[in-house]
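These notes concern the structure reproduced below.
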Amino acid sequence: MIDKMFIGGRFVEASTRETFPSLNPATGEVIGQVPRGGKADVDRAVAEAQAARAGEWGRMSALERGRVLMRIAQRILDDAEELAQLEALDTGKPLTTARNDIQVLARYFEFYGSAADKVHGEVIPFLNGYTVNLLREPLGVTAHIVPWNYPAQMIGRSVAPALAMGNAAVLKPAEDTSYSALYIARIAQQAGLPDGALNVVTGLGEEAGAALASHPDIDFISFTGSNEVGTLIQTAAAHTPVKCVLELGGKSPQIVFDDADLERAVPVIVRAIVQNAGQTCTAGSRLLVQESIYDVCVSRVAEAFARVKVGTPDMDLDCGPLMNAAQRTRVQRYIDDARAAGVPVLAEGSLADGLPAGGFFVRPVMFGPVAPDAVLAQDEVFGPVLSVIPFRDEAHAVAIANGTPYGLIAAVWTENGGRQQRMARAVRAGQVFINSYGAGGGVELPFGGTRRSGHGREKGLLALEEVSTTKTVIQFHGE
Ligand code: NAP
Ligand code: MG
């Protein structure tokens, strides 16, 4: 475990020499100390990023940049097991999930590495005697503030496209999960990424995070996390002012019509909410079921849900613990409040025997029917809690699906082709899955929110537009 920050190609302590502890969520035990970076460290990191832009990194051809990213991808794959073990220790997630996360992380560097020399400008027809070139250029210094739920994946998603376009990045990992970020920084350096092109400032959100978001010399902010902090980030960005991409929360619906292939749908529906213990922005936390199939569908989902098991990373079951004590308390309160309010429990998962007493485990719960406007059906619980809501017809399903402040992703389960297309258009979301959900990491697929789920796009080639800008060069040369 690397216990130093990474600034300008060197592993360093915080300028104050202060640290804070990082816990293992499966045991509640301290696994190590992390430097508590602050404004002075962010200042240094931004200065190093600027120097990298002005130096070797800024001069590197797109081809060479792409090769560096591809080498980072290969190094990640070479160290995949070690990285997965580290990520599982730091997040508590099952090893299979952590292993998958590392594959997706490598895939981001591979995808954007191979795209680096394929993004090009345009020639725009204009008046006779003129040539107009539209150049595509990096923004400069990009800031990346990421959450703890998929630390490695989030770094790949946020940082890889920025580097591919030639930006120099300053990354602030979540305070609960710094270790994979530091490991990735070391791998990147070994793969030939010039010093200063990627800096990692560890620390607390209100210290290092706030200092980074409000730094006068950054040119862009990519933020993934809660709506509350997203508002702070956008406010900070407004003062500079710089562009920001916000990936915030969700309350994503799984919409099941009475002609759905339940055989295929049921395991996917359960996985969509229990994966990563429900701590997924795209968690399928609302199950909308057509009334005509309600009893059959609910009993089959409940049966599968009741088989969900919670354990430590090594046990490698369906769910791990929640990230920290505060998160556990928050999720358990939603569950307790719903029970106290008399919302029927349809199924519960179980805790494995012999779990460490200090781990932040909760039992997954499936509630239903839940009123569409109930707290449980409106708030992002960010835990393994599924709310089932009946609906009558397409119009009713759309009204319920769109009836939260969020709009991140959605799934529609039906064999009717016309309905698939109508629903895909009517549902408010950045991604709509038809007869599937969250397939294969989706590195290639543009992703992001509408409404309170945020704005801007990550993943896919569209992400490259977010982390670059254009310059229109108008040249008069005569006819
Ligand atoms: P969070 O508290 O918003 O934290 C996200 C990041 O922001 C962390 O690195 C955090 O640092 C930092 N931060 C906190 N306060 C800050 C401030 N004042 N200024 C600058 N940075 C600050 O979110 P979380 O609790 O980690 O994650 C849970 C939430 O994130 C959920 O609501 C979930 O929906 C959302 N999320 C969304 C997506 C998506 O793609 N749309 C993905 C994952 C999570 P510290 O860790 O030090 O506090
Ligand atoms: Mg930790």
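Everything numeric here is computed off the predicted structure, so don't read it as measured data. Remember, it's 1-based here, ligands and their atoms both numbered in the order they're listed.
- Using a 30° and 60° split on the angle between ring planes, F11 and F6 fall in the tilted class, from 30° to 60°.
- Between R157 and ligand 1, an N or O atom pair is found at a separation short of 3.5 Å.
- Among all protein heavy atoms, the one lying closest to atom 42 (C) of ligand 1 is T224 CG2, 3.0 Å.
- Side chain to side chain, Q33 and D3 fail the donor-acceptor criterion of an N or O pair below 3.5 Å.
- Considering only non-hydrogen protein atoms, atom 24 (P) of ligand 1 sits nearest to W148 NE1, 3.3 Å.
- Of the heavy atoms in S226, both backbone and side-chain atoms come closer than 4.0 Å to ligand 1.
- Geometrically, R107 does not engage F111 in a cation-pi contact defined by less than 6.0 Å to the ring centre and at most 45° from the axis.
- With respect to atom 38 (C) of ligand 1, the closest heavy atom belonging to the protein is C281 CB, 2.9 Å.
- Between D90 and S22, the side chains place a donor N or O and an acceptor N or O closer than 3.5 Å (distance only, hydrogens not considered).
- Residue-to-ligand polar distances place G225 within reach of ligand 1: an N/O pair is separated by less than 3.5 Å.
- Neither the backbone nor the side chain of N227 has any atom closer than 4.0 Å to an atom of ligand 1 (non-hydrogen atoms only).
- A side-chain donor-acceptor contact under 3.5 Å links T329 to the backbone of A325.
- Checking side-chain atoms of S158 against main-chain N and O of M154 turns up no donor-acceptor pair under 3.5 Å.
- Because its NZ or CZ atom is both nearer than 6.0 Å to the ring centre of F447 and within 45° of the ring axis, K459 counts as a cation-pi partner of that residue.
- Geometrically, ligand 1 and V146 share a nitrogen or oxygen pair separated by less than 3.5 Å.
- Among all protein heavy atoms, the one lying closest to atom 14 (C) of ligand 1 is G205 CA, 3.5 Å.
- Considering backbone and side-chain atoms alike, N149 places every N or O at 3.5 Å or more from each N or O of ligand 1.
- Counting protein heavy atoms only, atom 32 (O) of ligand 1 is closest to E380 OE1, 2.6 Å.
- The G249 neighbourhood of ligand 1 comprises atoms 34 (O), with distances under 4.0 Å to a heavy atom of that residue.
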